[in-house]
Amino acid sequence: MTVGARIEHLVTSGTFRLDGGTWDVDNNVWLVGDDHEVVVIDAAHDADVIAEAIGDRRLTVIVCTHAHNDHIDAAPALAERTGAPILLHPDDLPLWKQTHPERAPDGELADGQVLTVAGVELTVLHTPGHAPGAVCLYAPDLAALFSGDTLFAGGPGATGRSYSDFPTIVDSIRDRLLTLPGDTVVHTGHGGTTTIATEAPHLQEWLDRGF
């Protein structure tokens, strides 16, 4: 099958705030689409930069992999500029409201839901642990997984703060992600990419370290 869709990558910078702490962070923003339409995964920090990357294409949806502020802070502004709906798993609404108490998401993400852009299907995988409503998006036609902060190069996302749980994230990764084809490229929420085959052998190490 010929796939016209492509993956584009931006890095935006800002702060992550939770439990009274603030940290400077660089976030990955992923665009999936073609010359006509595009999906944004995690509208982080800078709506202007993201809108510039979209250009004159139609933004069909803004997907939030979870509702930590650094992944959603630019979502309402981008939605206002483009008319695109914001989708979030409902289990993350408590976190969302910490950042945007006056503006609700436009729709819900659900496990198994399929979003289509430029002829490519993105399947929603509910992967709680880093956050209760954390999701990943799997695009088999692109051999790509957009993992948010669930899986990074080197292991699971952090679980040391409110709304997170280490056994839950390990279950999510083992049962939902490591079962994907090994050549699937993992496009993460921060830092570099990895593959399922690279991470799969280290599951027991993560369990032993307890992250």
Side-chain angles (χ1 to χ4, degrees), residues 1 3 5-11 16 23 25-33 39-42 44 63-68 70-71 87-89 91-92 95 109-117 119-161 163-211:
M1 181 172 78
V3 176
R6 61 184 181 271
I7 298 169
E8 300 168 47
H9 177 217
L10 305 173
V11 178
F16 167 52
W23 300 266
V25 288
D26 296 326
N27 282 64
N28 294 326
V29 181
W30 300 100
L31 283 67
V32 182
V39 164
V40 165
I41 302 170
D42 287 343
V63 178
C64 306
T65 62
H66 61 294
H68 285 153
D70 57 318
H71 290 256
L87 301 186
L88 175 76
H89 193 283
D91 288 356
D92 258 23
L95 280 166
L109 295 170
D111 187 61
Q113 180 180 351
V114 176
L115 307 173
T116 302
V117 61
V120 168
E121 292 186 344
L122 302 169
T123 300
V124 177
L125 306 176
H126 183 210
T127 53
H130 181 70
V135 302
C136 300
L137 296 177
Y138 177 48
D141 288 342
L142 300 175
L145 177 77
F146 300 92
S147 65
D149 287 1
T150 295
L151 179 63
F152 291 105
T159 55
R161 302 187 180 98
Y163 299 96
S164 65
D165 183 72
F166 177 73
T168 300
I169 200 172
V170 170
D171 287 347
S172 292
I173 293 170
R174 181 185 59 232
D175 298 340
R176 307 306 307 279
L177 304 186
L178 299 186
T179 55
L180 299 175
D183 63 352
T184 303
V185 177
V186 182
H187 301 273
T188 63
H190 307 271
T193 60
T194 184
T195 66
I196 294 297
T198 299
E199 302 306 321
H202 301 290
L203 176 63
Q204 189 58 49
E205 295 173 27
W206 305 336
L207 290 167
D208 292 342
R209 283 173 13 205
F211 268 77

Could you check V135 against Q113 for side chain to side chain contact (heavy atoms under 4.5 Å, CB included), going step by step and ending with a plain yes or no?
CA-CA 11 Å; V135 302; Q113 180 180 351; over 6 Å; no
With rounding to the nearest 0.5 angstrom, report the CG to CD1 distance, L10 to I41.
11.5 Å
Over all heavy atoms of both residues, which pair between L95 and P132 is shortest? Give the atoms and the distance, please.
CD1-CD, 4.2 Å
Rounded distance [0.5 Å steps], CG in D42 versus OG1 in T188:
10.5 Å
Where is the tightest heavy-atom contact between E199 and T194, given as atom of each residue plus distance?
OE2-OG1, 2.6 Å
Quick one: does any side-chain atom of D92 pair with a main-chain N or O of A67 as donor and acceptor, under 3.5 Å?
yes
V32 to L142 - nearest heavy-atom pair and separation:
CG1-CD1, 3.9 Å
Nearest-0.5 Å distance that lies between atom CG in L115 and atom CD in E121
10.0 Å
Which residues share a side-chain hydrogen bond (donor to acceptor under 3.5 Å, both in side chains) with T123, sequence neighbours left out:
none
Can you find a pair of side-chain heavy atoms, one from R174 and one from L203, that are under 4.5 Å apart?
yes
Atom CZ in R176, atom OG1 in T127: separation rounded to 0.5 Å?
8.0 Å
Quick one: does V11's side chain get under 4.5 Å of V29's, heavy atoms only?
no
Counting distance only, does the side-chain N/O of D165 pair as donor-acceptor with the main-chain N or O of T159 below 3.5 Å?
no
For the residue pair H66 and H130, categorise the inter-ring angle as parallel (less than 30°), tilted (30 to 60°) or perpendicular (more than 60°).
perpendicular
Compare every heavy atom of L145 with every heavy atom of C136, then report the nearest pair and how far apart it is.
CB-CD1, 3.8 Å
To the closest 0.5 Å, what do you measure between CG (D91) and NE2 (H126)?
5.0 Å
Passes side chain to side chain contact (heavy atoms under 4.5 Å, CB included), T193 versus H9? Steps please.
CA-CA 11 Å; T193 60; H9 177 217; over 6 Å; no
Which atoms form the tightest heavy-atom contact between G192 and A153, and what is the distance?
O-CB, 4.2 Å
Here the gap from I196 atom CD1 to Y138 atom OH, rounded to the nearest 0.5 Å, amounts to 8.5 Å
Please step through side chain to side chain contact (heavy atoms under 4.5 Å, CB included) for the pair I173 and W206, ending with a clear verdict.
CA-CA 11 Å; I173 293 170; W206 305 336; 3.9 Å; yes
Side chains of S147 and T150: do they bring a donor and an acceptor to under 3.5 Å?
no
Side chain D70, main chain N27, donor-acceptor under 3.5 Å
no
At their closest point, which heavy atom of L177 faces which heavy atom of L125, and how far apart are they?
CD2-CD1, 4.0 Å
Report yes if the side chains of L31 and I7 come closer than 4.5 Å at any heavy-atom pair, otherwise no.
no
Report the C-alpha separation of T65 and H71 in whole Å, then their side-chain angles, then the decisive distance to 0.1 Å, and conclude whether the side chain to side chain contact (heavy atoms under 4.5 Å, CB included) test is met.
CA-CA 8 Å; T65 62; H71 290 256; 4.0 Å; yes
Side-chain heavy-atom pair F16, H190 within 4.5 angstrom cut-off:
no
